[in-house]
Amino acid sequence: HVAKRACQHKNIKYFAFEEGYLRPNYITFEAGGVNGHSPITHAGIEAYKPIHKDVNEKPIESNFFRRMAYAASYYNVSFFKKLKFPKYKHHRSFSPAYEAFCWWRGFFRKGLYRTLQDNAKQVCAQGEFFLVPLQVHNDAQIEFHSQYESMQDFIVDVLTSFSKSGTNKKLVFKHHPMDRGHVNYAKLIKQQATRLNIKNQVSYIHDQHLPTLLKSCEGVVTINSTTALQAFYHKAPVLVVGYAFFDMQGLTYQGGLLSFWKDPVQPNIEFTDRFRAYLLDHGQINGSFYTASELTLANLIVYMKKLGIFAPKGIARP
């Protein structure tokens, strides 16, 4: 935020990098900020020809172990350099030992949940359900772009509203895979569902195939997760309860949470495809921060040239 304000004060163009809005094959390079700071509006989207899938999209290979290596390097360097920057504050612990413990615990839990929990097809076969994809517990999206103090507050709010709806459908909370080793909401969800007399309607799952769940669910409730963009692709109704650049007429349900349980409305399919076309032309770079660097750099430079930004010296232009 400080850097952005400084750029605005000096009338300098400001761009932000982020994980791709359209995952897993993109990164985001957006003018003016990302997520809740994104300048994307409803205006202009209608001018785009609908695209459901980019035919020129190149798939990105799996990069989990490379990401893990980068994360380990980052935390180790940050830990040993913390005395040099005593006022720096980070959203996670700077203890390499604690982060390593969480990653190993997450690895163990993944195997455990795969054994104990139903897979996505089995979840879908158990009846009509609403899906609640949880976000990382210390996601900046929660702190800066929602009315909630924590993910726990969001969970309680959703459960309370669901219990008031009187619906006999099910409610499925899906844990964020990157948060598996750090937090567990099983006890909270069980206690609150029992208190509200909806215990038999509520379940809590991990790592199941998300597209399968999105294709079958009655609707998706999220604070502002970009899972919503995948939901649009699969024609699932979406309600945003936080603040998000994609929370607009034609994409998301514009009523309240209580009415959503009773009458979820699908997004406008043509408009969602126009929105996808708009995103592909505004800051989505086919590539990855962790693999396929030549592809990523080439596509980034093409987009920078389109915006009138000169490519960095020393990087070959395609």
Side-chain angles (χ1 to χ4, degrees), residues 18-24 26-28 34-36 62-64 67-68 70-71 75 90-93 98-114 116-120 123 129-146 148-159 171-190 192 202-214 217 219-234 236 238-244 246 289-290:
E18 176 61 287
E19 301 284 358
Y21 291 149
L22 303 176
R23 299 181 191 177
Y26 293 89
I27 62 173
T28 296
V34 295
N35 298 321
S62 177
N63 51 39
F64 173 77
R67 286 188 288 126
M68 185 172 67
Y70 285 154
Y75 280 106
H90 197 66
H91 66 289
R92 287 188 184 240
S93 165
Y98 176 72
E99 288 299 319
F101 167 75
C102 289
W103 277 80
W104 281 110
R105 181 167 61 179
F107 179 76
F108 170 77
R109 285 176 173 175
K110 182 174 183 177
L112 180 66
Y113 297 144
R114 182 179 296 172
L116 297 179
Q117 296 183 344
D118 293 335
N119 60 38
V123 172
F129 68 97
F130 288 91
L131 181 66
V132 185
L134 301 179
Q135 294 167 233
V136 175
H137 73 282
N138 51 10
D139 191 341
Q141 288 279 79
I142 301 170
E143 180 178 356
F144 296 109
H145 303 298
S146 85
Y148 297 104
E149 293 293 326
S150 66
M151 188 57 64
Q152 287 89 335
D153 290 342
F154 167 64
I155 291 171
V156 173
D157 189 34
V158 169
L159 284 168
L171 185 65
V172 177
F173 288 92
K174 183 181 182 300
H175 197 85
H176 195 290
M178 297 300 292
D179 220 19
R180 191 190 314 109
H182 290 79
V183 293
N184 187 296
Y185 302 112
K187 183 177 180 181
L188 171 68
I189 291 173
K190 182 178 179 180
Q192 294 299 318
V202 179
S203 58
Y204 175 47
I205 63 175
H206 300 74
D207 299 305
Q208 283 77 352
H209 189 241
L210 184 57
T212 299
L213 297 172
L214 293 173
C217 70
V220 175
V221 178
T222 179
I223 296 179
N224 43 32
S225 170
T226 50
T227 296
L229 304 187
Q230 298 181 55
F232 300 153
Y233 184 85
H234 295 292
V238 175
L239 175 68
V240 172
V241 295
Y243 317 116
F246 49 80
F289 290 125
Y290 310 102

Under 3.5 Å donor-acceptor, Thr28 side chain and Tyr21 backbone = yes
Those residues at least two apart in sequence (or on a different chain) that pass ring-ring contact (aromatic ring centres under 6.0 Å, His included) with Phe154 are Tyr148
Tell me, please, which residues at least two apart from Tyr185 pass ring-ring contact (aromatic ring centres under 6.0 Å, His included).
-> His175
Do Gln230 side-chain atoms and Ala228 backbone N/O form a donor-acceptor pair below 3.5 Å?
-> no
Relative to each other, are the rings of Phe246 and Phe232 parallel, tilted or perpendicular (30° and 60° limits)?
-> perpendicular
With Asp179, which residues qualify under salt bridge (Lys or Arg N to Asp or Glu O under 4.0 Å), at least two apart?
-> none
Non-neighbouring partners of His182 that pass ring-ring contact (aromatic ring centres under 6.0 Å, His included), sequence neighbours left out = none
Under a 4.5 Å cut-off applied to non-hydrogen side-chain atoms, are Tyr113 and Gln208 in contact?
-> no
Contacts of Ser62 meeting side chain to side chain donor-acceptor pair (under 3.5 Å) (sequence neighbours excluded), chain-then-number -> none
Tell me, yes or no, whether the heavy-atom count around Arg105 atom CZ, taken from other residues, nucleotides or ligands under 6.0 Å, exceeds 12.
-> yes
Should the ring pair Trp104 and Phe107 be called parallel, tilted or perpendicular, given that the plane angle runs from 0 to 90° and is split at 30 and 60?
-> perpendicular
Side chain to side chain contact (heavy atoms under 4.5 Å, CB included) between Ile205 and Asp118: does it pass, once the steps are laid out?
-> CA-CA 8 Å; Ile205 63 175; Asp118 293 335; over 6 Å; no
Any residue meeting ring-ring contact (aromatic ring centres under 6.0 Å, His included) with His176, in chain and number order, not counting sequence neighbours = none
Can you tell me how far CE of Met178 sits from CZ of Arg67, rounded to the nearest 0.5 angstrom?
-> 5.0 Å
Is a donor on one side and an acceptor on the other found under 3.5 Å between the side chain of Asn224 and the backbone of Gly36?
-> no
Worked check of side chain to side chain contact (heavy atoms under 4.5 Å, CB included) between Ile155 and Gln192 | CA-CA 9 Å; Ile155 291 171; Gln192 294 299 318; 5.9 Å; no
Rounded distance [0.5 Å steps], CG in Leu214 versus OG1 in Thr227 = 7.5 Å
Roughly how far, to the nearest 0.5 Å, is the OG1 atom of Thr226 from the CZ atom of Arg23?
-> 4.0 Å
Should Met151 and Ile223 be marked as a side chain to side chain contact (heavy atoms under 4.5 Å, CB included) after you check the CA-CA gap, both sets of side-chain angles, and the distance that decides it?
-> CA-CA 9 Å; Met151 188 57 64; Ile223 296 179; 4.2 Å; yes
Are any side-chain N or O atoms of Gln141 and backbone N or O atoms of Ser225, one a donor and one an acceptor, separated by less than 3.5 Å?
-> no
